[in-house]
Amino acid sequence: MFRIINQVFQVTRFSLASLPQRKGSSLSAMVGIAGVVVVMVGVLSIAQGIMATMKSSAGEANVIVMRSGADTEMTSGLGGDEARLVTEAPGIARQDGQPVASRELFVIINLPMRSTGTDANVPVRGVEPQAALVREGFRLVDGRMFTAGLNEVIVGVGARQEFSGAETGSTLAVGSEQWPVVGVFEAGGGLSESEVWVDAPVLQDAFRRGNSFQSVHATLERPEAFQDFKDALTSDPRMNVKVQTEAEYYEGQSRLIYQLVTGLGTLIALIMGLGAIFGALNTMYTAVASRTREIATLRALGFRSGPVIASVLSESLLLALLGGIIGAALAWLAFDGFRAATLNFSSFSSMTFAFEVNTPLLVQGIVFALFIGFFGGLFPAIRAARTPVAHALREL
Amino acid sequence: MSETAMASTQTTEPRPGNELLVDVRGVDKVFTRGSETVHVLGGLDLQIPKGEFLALMGPSGSGKSTLLNLVGGLDRPTEGSVTVGGQRIDKLSDRKLAGWRARHVGLVFQFYNLMPVLSARKNVELPLLLTKLSGKERRKRAELALEIVGLSHRLNHYPRQLSGGEQQRTGIARAIVTDPTLLLCDEPTGDLDRKSGDEILDLLQALNTEQGKTIIMVTHDQRAADRATRTLHLDKGRLSSEPQA
Amino acid sequence: MKYLSLILGNLRRHKLRTALTLLSIIVAFLLFGYLAAIRSAFLAGIDVAGEDRLITRNKVSLINLMPMAHQAEINRVEGVDFATHNTWFGGIYQEPSNFFAQIVVVPEQYLELYPELELSDEDRQRWLETRTGVMIGKVLAERFDWKIGDKIPIMNPLWALKGGDRNWTFDVAAIYDAREQGIDTSQMFIRFDYFDEARQWGQGQVGWYVVRVDEPDRAGEIAAAIDAVFANSPDETKTEPEGAWYQGFANQVGNIGFIITAIVSAVFFTILLVAGNTMAYSVRERIGELAVLKAVGFTDGAVLGLVLGEALVITAIGGLIGLGLAWLLVAAGDPTNGAMPVFFISVRDLLLGGVLILALAFIAGIFPARTAQRLQVADALRR
Ligand SMILES: Nc1ncnc2c1ncn2[C@@H]1O[C@H](COP(=O)(O)OP(=O)(O)O)[C@@H](O)[C@H]1O
Ligand SMILES: [Mg+2]
C-alpha cells in the first residue's frame, strides 16, 4: 500500500516538474477554469445577495398583516380602524406601554437613477414612529428622524446610493411638491434600505388615501406566539386579514427573482463548465501526448498503470484547484458587497441589494472546478495508462 | 581485455553446462494495423544461457525490437511461450508484468529515454522507487551505479547538460541499479559517435564479464557485435547464426 | 479551394483533439446564442417600440391613476394623431407564480395603435361582440392551453367587482399573434367598457395613455406639449417615447446587457485561449511537415493561409453548429416558464455571431500561422 502511494507521489512529482515546459496549455486550462468559476460565483452571488436582503428584512418575531387575498403590500388595503385593531391584538410586544407595531402605506414614486438618469419606481413607505422599533438593526447614519406631520423624509442607504437626490439636504419631487430629505438610515441590510420613509398621515394626504393603510408590521413578544396571534386575528369578525411572519412574506416576495437568477445562473455555469471540461480534456490529452515517451519509459521500468493514472489526474486536479481558487478569489474581490439595484417583480418597485459571495458559494465554485479537473483528466489518464508500452515506445 | 581475445570466445551455440535464462519457444508475432496484418516473427525459438552476451543483428524492420520487447515483457507473443528465469512471462497480468520488469530486467534504449526534468542521479534512482529501499539507500545505490558507468562527477547534471555518450551511460546506470540478471539494449550505440559508442560497448562488456550480467544487444554495427559472445541474425522472422546472403 | 483536402486531412489527424476543440467552440456559440435570447427578453419592447408612439403616465408614479378626461385633452394637442388609455389589471390566475400581464384597453383603439398584432377578422369581431371577452397572445394560449370560448377565472387583489367579490371571469374571445419577432404574445387584453362598469371603485380612472403622433421626428416636442397641458393640475403627467419607457423598465431590472456582455466575453476569452493553444500546439508538432511544404515550393503566404484556413474551418463548423443548437434550444421555449415573455435570437445577434466566428478564427489562428509563415526551411528540417 505504502509503495503504491510512494509510486503515485513520485510519478506525480515528475509530471508536476515538467509542468513549466507545458506552460501555455496548462495556463490556458487554468485560466479557463478560473473564468468559469468567476462567472458561476458571480451570478450566484446575485441570487445570494437578493436572498440575504430578504432574509435580513425579516425580524425573527416579526409579522406582517395585510388584507386577505393580497400577495404584496402594494395590492393590499386596510381601513384605519381595522389597522388599529390589529395593533391592539394580543401577543404583540410592548415598549413604554405602546405596542411595537406600525401601520404602514406603501406606494411608489418615480425618481431618476444615478446610473442611467432614467426613472425608477422608488418605494415610499408611510410609517408610524414605531416602525423604527419593528425593523431590526434600524439606525440613522446621517441627519435626523422626520418630524411627525411634516412632509420630511428619511431614505435608506441603498436608496441613497441608487437614486438622484436621495441624500440629506436634498429634496425629492413627489408630484408637484418637494419633500426635504432629513436623514439616512440603515436597517440591517434588509429591504427597507431601498425605501424612502415618511410620516404615514403625510403620505395618506399626498396620495388621497383618507385614513387607510396597506399593512401592519409588528413584533411579537416571542416567535412562538405567532400561531395564537394569527388565530386571534383571522377569527375576528371585525376584520378580514392575512397574517404572515415576515420570513414567510419576504420568502414569497423573492421566490420568483431568486429562482430566475439561480436557474439562469446554474444553466450558464453548466454550459460553461461543459466547455471548460472540453478545454481541460484537450489540455490533458496534449499533456499526455507530449509525455508519451516519458510515461512509456516509466512503465517499461516497471511502474504500474495506477500511479500513472493518478499522476495525470492529480496534475489536472491541481490545475483545476488553482484555477478554482483564483476564480473564487477574483469573484470575491470583484463582487462581494457590490451594491446593485433591480426591480422587485412582486411589488414592481426598485430593490437594492449587495452581491454576496459567501463561503458555501466559494466552496461550491472550487468544487465545481475540481469536478471539471477530474473529468478533464480522467480520460487522458486512462489513455496514458492503456496505451501498450511497446507501442508507445515506438511513437517517438 | 583485447578485442582478439574477445573474438576468440565467440561461438554460435549456447555454451553448454550453463543454466538457461531465456527460453523462447515457437513464438509468432503478428501485428494488425487496420485490415493489414504483418507477420513479424514466425515459429521463433531462442535459448540464452545465463552469462551470455548476445548480439542480435538484422535488417531494419526485421523484428529485432519486437523480439527484445517480448523477452523484456513489454509485449506479448501472438503464439508460443517466453520463459525468463523459469517464469512464463507471457502469461503474467499487466500488473504482475510491471513488477517483474522492475525486478528482473534492465532496459537500455537507443534514445536513452531519460526524464528531462530529473538530474542524472534522480533518473538512476527511478527504478528504485519501486522497491522498499529507504531514501538514503536509494541514493547510495544510484551513486554506485553512476560510479560504475564512470559518471560520479555528473550526479547533479540534467540530461540536456550531458553529451549523448553520457546520457547513454546514465541510461545504463538506470538499467543496472536494481541489479537485474538480464540487460536488454536496443541499439544502445545507434545514436552515438564511434568513440562514445566504444566506451558504451566497453562498459557492457565489463558488466558481462565482471558482473556476469546476461545481455541481449540489438545492433547494426558489426564491430559492436564482435564484442558479444554470440551473434544471431534475424531475417524474415527467423534466427540464424549467419547473415543471409 | 484546392488546399481544402490538406486542411481537412490535418484536422483528421488528431480526431480527438479536433473534436474537443470543436466541442468547446460549439459550447461557446451555444452560450452566445442563448444569452442573446435572454438579453432580448430583458430588453423586450425596446426594439419593437413604435417610433410614432408616446406613453403618458402620472408624474408621481405609474401606480397613480389618471382621469379618463385626459384623453380628449391629449387628442387636442397639436401633432397628436390620437390617444388611447390602458390600465394595469394585475390579477392572479390560480397562483402568483403564473404571472402574466393583463391590460385593460379600448379594443378598437388599441388594435388601431398596435398594427403589429395579428388577429383574424373573425376573432376581432368576436372580441368586439363579447363584453367579458379577452384577447390573449399565442404564447399565453399555449402556456395554459386556452382555447377560444374558454372561461378564465382571475382573482384580483387590486380591483374588486361591485359587491366586493374579487373573482373575475373572462371569456377567451380572440387569440393574437405577432407580425414580427420580439413582440410580446404573452399578454391578456381586457375590455375597458366591461371593466369600468364592473369595478367597485375608480370609475373613470385609467392607468396610462398611448399616444400616436403624426411626425415621429417631433416626438420630444409633442411630449413636452402634452405635459405642459397638465402642468400644475392635480394630475400632472410625464410623457416619453415608447422606447424610452421600455428602456426605463430594463434599466430598473439592472444592467442585464452589461452582465451578459461580460459573461460572453469571459467565455470567449476562455475558449480563445484553449482553442488558440491547441492550434499552436498542433502547428508546433508539425513544424517539420510545414518545412517540407515550403521546401517543395509553398510560399510563406500559402503556409500562413493554410494554418489560418485550418482555424477558420474548425471555428466555422463549431460556431455554426453552436448557433444552430442555440436556435433549437431557444425555439423550445423559455427556461423560466413564462417569466420571459419574448425569447428569441434576433437576426442582428445571428450576424454578430458570424462576425465572432471570423474574429475567433483569426485571433486563434494568427499566432501559429505567423510562426509557420516565418519558418526557416533549413532550420526546421534539421530539427
Ligand atoms: N505496434 C506495431 N503495430 C504494427 N506494426 C508494428 C508494430 N510494432 C512493430 N511493427 C512492425 O513490425 C516490424 C518489425 O518492427 P521492429 O521490431 O521495430 O523492427 P526492427 O527493430 O528490427 O527494425 C516492422 O515492419 C514494423 O512495422
Ligand atoms: Mg528497432
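All figures in this text were calculated on a predicted structure; none of them were measured in a lab. Each chain gets a letter, A, B and so on, in the order the sequences are listed, and its residues count up from 1.
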(message) Looking at Gln161(B), I want to see if its CD is surrounded by more than 12 non-hydrogen atoms of other residues, nucleotides or ligands under 6.0 Å.
(response) yes
(message) Between Phe31(B) and chain A, with a heavy-atom cut-off of 4.5 Å, which part of the residue counts as in contact: side chain, backbone, both or neither?
(response) neither
(request) Give a yes or no on this: more than 12 heavy atoms of other residues, nucleotides or ligands lie within 6.0 Å of atom NZ of Lys122(B). (result) no
(message) Among residues at least two apart in sequence or on other chains, which ones pass ring-ring contact (aromatic ring centres under 6.0 Å, His included) with Trp100(B)?
(response) His104(B)
(message) Does atom CZ (Arg88(B)) have a neighbourhood of more than 12 heavy atoms from anything else shown, all under 6.0 Å?
(response) yes
(request) Report yes if some heavy atom in the side chain of Leu301(A) is under 4.5 Å from a heavy atom in the side chain of Arg174(B); otherwise report no. (result) yes
(message) Taking Lys96(B)'s backbone N and O only, do any of them form a donor-acceptor pair with Arg304(A)'s side chain (distance below 3.5 Å, no angle check)?
(response) no
(request) Count the heavy atoms of every other residue, nucleotide or ligand shown that sit under 6.0 Å from CZ of Arg76(B), and state whether that count exceeds 12. (result) yes
(message) Quick check on Leu126(B) against chain A: is it the side chain, the backbone, both or neither that has a heavy atom closer than 4.5 Å?
(response) both
(request) State, to 0.1 Å, how close Ala300(A) and Phe109(B) come at their nearest heavy-atom pair, and which atoms those are. (result) CB-CZ, 4.1 Å
